[in-house]
Amino acid sequence: MILPSHLSVGDGRLVIGEHDTVDLAERFGTPLYVTDEARIRENFRRLSGALTAHYPKVSVLYAAKANGNLAIFKTLASMGAGADVFSAGEVALALAAGMRPESLLFNGSSKTPADLALAVEKGIRVSVDSPDELRQLDATAARAGKTVDIAFRVNPAIDVPTHPKIATGLATSKFGIPAGEILDAYREALALEHVNPIGIHCHIGSQILAVEPFAREVEVLIGVARDLIDIGVDPAFIDIGGGLGIPYRRETDRAPTPEEYAGAVMPVFLRGIRDLGIEPELWVEPGRWLVGDSTILLTRVNSVKTAHKTFANVDAGFNLLVRPTMYDSYHEVVAANKADAPPVREYSVTGPICETGDILAKDRMLPTLAAGDIIAVLDAGAYGFAMSSQYNSRPRCAEVLLADEKAALMRRAETIEDLTAPMVTPPWQA
């Protein structure tokens with residue numbers, strides 16, 4: 001198995017950063033999410049550096065939905081990141097982490113009146129998803145006596161090689177305004193008093209393992225920018241979204257590097273803005289690429305059972321990592337306490353949830369497993385804890401952050417009391 005550079009094997013055990021994973025499991029319990037802060041910083045520097053090597057006016061907006069822990073936000077804020085936010089909760093986390101309101105973009109196709117009011121109140125730019133939303137936002141800003149900077153989200157009708165549930169730039173997607181209709185939206189915005197159209201926004205999908213779709217997206221956005229200039233809009237920023245994938249199957253996946261990504265999109269962008277005579281900021285919205293490989297999920301084997309196949313039953317299920325069940329996603333798994341032992345038997349690693357589909361890893365060759373062994377599920381930092389639930393009334397697990405030799409909780413494990421705390425007894429049951 002090919003491990004990323006921040007994972008290694010020492011004394012027969014899996015090591016993340018400077019920490020023995022088995023020791024972490026014993027200290028903090030399982031299941032347990034473990035994140036290497038240094039890896040996030042390394043990923044940020046590499047992606048940002050690849051883009052700014054071509055053009056200095058680049059802003060990185062972290063896709064907050066990928067991992068919503070406040071400590072993650074603070075790490076990225078300290079690197080100069082803003083955030084792509086989809087909810088009042090993500091706004092609160094970004095601001096609490098020290099991100100400036102003007103470094104945020106409030107995105108989403110179904111914002112509530114409260115969402116729009118919050119954006120106006122805090123001075124957060126809004127990616128407007130429809131003419132209806134535009135009118136609501138203008139009315140909200142008028143009531144507050146303010147003007148809000150906006151972009152429109154463009155639907156470029158680009159097919160991308162990824163799971164259809166995370167392809168967001170398709171013509172059939174719920175997101176954005178079709179590129180052929182976007183000019184009318186900007187014209188309407190220009191006629192309103194309390195919105196200021198200053199940007200263009202697009203996002204074509206997630207976990208994309210080719211660079212060509214990003215280059216085509218930029219071509220579409222340059223065409224939009226050309227039309228906007230003709231009607232009097234000088235784009236201050238062009239936001240090309242995120243979506244750069246990571247190699248979950250390191251032995252077979254061919255994932256573009258940040259340098260290859262930049263090499264594909266930046267020439268198209270630079271040629272386009274040069275021809276138009278503009279110098280807008282380039283915004284990007286990485287999520288998975290920044291945090292995906294920074295984190296592992298440690299889970300303990302409860303029992304081993306042989307039926308039509310051999311199952312390693314562990315204490316984490318799709319309540320904690322839903323991607324394999326929801327998307328048929330692949331995650332590498334390592335027997336953390338037997339990391340240098342040869343694989344000798346095929347196992348399916350299955351969780352404790354009352355669903356047949358609760359399988360974290362199907363048909364994997366692993367060392368001989370027994371109750372008490374620790375399994376590490378790799379690349380769990382994006383859409384892992386962020387998509388977790390309390391299904392089967394199971395409290396969610398703790399999260400730990402590592403910084404060099406230090407390890408500390410960044411989220412405590414939930415308790416049974418946490419499950420029942422928001423519940424209210426109806427008066428007729430009292």
Side-chain angles (χ1 to χ4, degrees), residues 6 33 35-52 57-108 115 118-119 122-127 151 153 166 168 175 199 201-208 214 237-246 258 261-262 265 281-295 379-388 399 401 403 410-411:
H6 62 297
Y33 274 101
T35 297
D36 183 1
E37 185 181 49
R39 183 63 170 186
I40 296 175
R41 293 183 183 278
E42 177 187 348
N43 289 345
F44 181 93
R45 282 191 294 267
R46 185 173 179 190
L47 181 58
S48 177
L51 294 167
T52 56
K57 297 171 65 174
V58 174
S59 292
V60 177
L61 278 63
Y62 170 54
K65 58 187 174 290
N67 188 321
N69 193 287
L70 180 58
I72 303 296
F73 276 81
K74 287 185 174 181
T75 296
L76 289 164
S78 73
M79 303 290 289
D84 155 42
V85 293
F86 257 76
S87 69
E90 291 181 352
V91 168
L93 286 163
L95 295 178
M99 293 178 177
R100 297 173 291 108
E102 60 269 26
S103 73
L104 309 181
L105 185 68
F106 206 133
N107 195 1
D115 292 336
L118 177 64
K122 299 295 185 182
I124 296 170
R125 292 165 175 169
V126 177
S127 174
R153 180 161 175 170
I166 51 176
T168 58
F175 294 106
H201 179 218
C202 187
H203 174 66
I204 58 175
S206 186
Q207 186 51 18
I208 298 170
F214 298 112
F237 68 88
I238 296 176
D239 185 339
I240 65 174
L244 185 62
I246 64 173
Y261 169 70
V265 302
E281 292 183 6
L282 175 68
W283 289 10
V284 293
E285 300 172 356
R288 188 189 314 269
W289 208 92
L290 294 179
V291 300
D293 73 357
S294 71
T295 301
D379 304 310
Y383 310 102
F385 195 100
M387 296 178 73
S388 65
E399 294 181 285
L401 186 66
M410 60 177 178
R411 189 192 307 264

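Hydrogens, waters and symmetry mates are skipped; everything else that's a heavy atom, side chains included, is used.
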Aromatic plane relationship, Tyr62 with Phe73 - under 30° parallel, 30 to 60° tilted, over 60° perpendicular: perpendicular
Shortest non-hydrogen separation from His203 to Gly243 and the atoms involved: CE1-N, 3.9 Å
Reported CG-to-CD1 distance for the pair Asn67 and Ile40, which is rounded to 0.5 angstrom: 7.0 Å
side-chain contact (heavy atoms from CB on, under 4.5 Å) between Thr35 and Phe385, worked out: CA-CA 11 Å; Thr35 297; Phe385 195 100; over 6 Å; no
Close side-chain approach of His201 to Glu285, heavy-atom, < 4.5 Å: yes
Closest non-hydrogen atom pair between Asn107 and Ser127, with its separation: OD1-OG, 3.7 Å
Electrostatic pair Glu42:Arg45 at N-O distance under 4.0 angstrom: no
Approximate separation, where rounding is to 0.5 Å, of Asp293 CG and Arg288 CZ: 11.5 Å
Backbone N/O of Met410 and side chain of Asn69: donor-acceptor pair under 3.5 Å: yes
Considering all heavy atoms, the nearest Ala81-Met99 contact: O-CG, 3.6 Å
Heavy-atom closest pair, residues Val91 and Val85: CG2-CG2, 3.8 Å
Which atom of Leu51 lies closest to which atom of Ala262, heavy atoms considered: CD2-CB, 3.9 Å
Cationic N near anionic O, under 4.0 Å, Asp84 to Lys65: yes
pair Glu399-Thr295: side-chain heavy atoms closer than 4.5 Å: no
Nearest-0.5 Å distance that lies between atom NZ in Lys57 and atom CD1 in Ile238: 10.5 Å
Note, Phe214 side chain near Ile240 side chain (heavy atom, < 4.5 Å): no
Reported CG-to-CG distance for the pair Asp36 and Asn43, which is rounded to 0.5 angstrom: 9.5 Å
Heavy-atom side-chain contact between Arg125 and Phe237 under 4.5 Å: yes
Note, Tyr33 side chain near Arg411 side chain (heavy atom, < 4.5 Å): no
Heavy-atom side-chain contact between Leu93 and Ile72 under 4.5 Å: no
Side-chain (Gln207) to main-chain (Leu244) donor-acceptor, under 3.5 angstrom: no
Straight-line distance of Ser87 OG to Leu118 CG, nearest 0.5 Å: 9.5 Å
From CG (Leu47) to OG1 (Thr52), nearest 0.5 Å: 9.5 Å
Short side-chain to backbone donor-acceptor contact, Ser48 and Phe44, under 3.5 Å: no
Atom of Ala386, atom of Ala66 and distance for their closest heavy-atom approach: CB-O, 3.5 Å
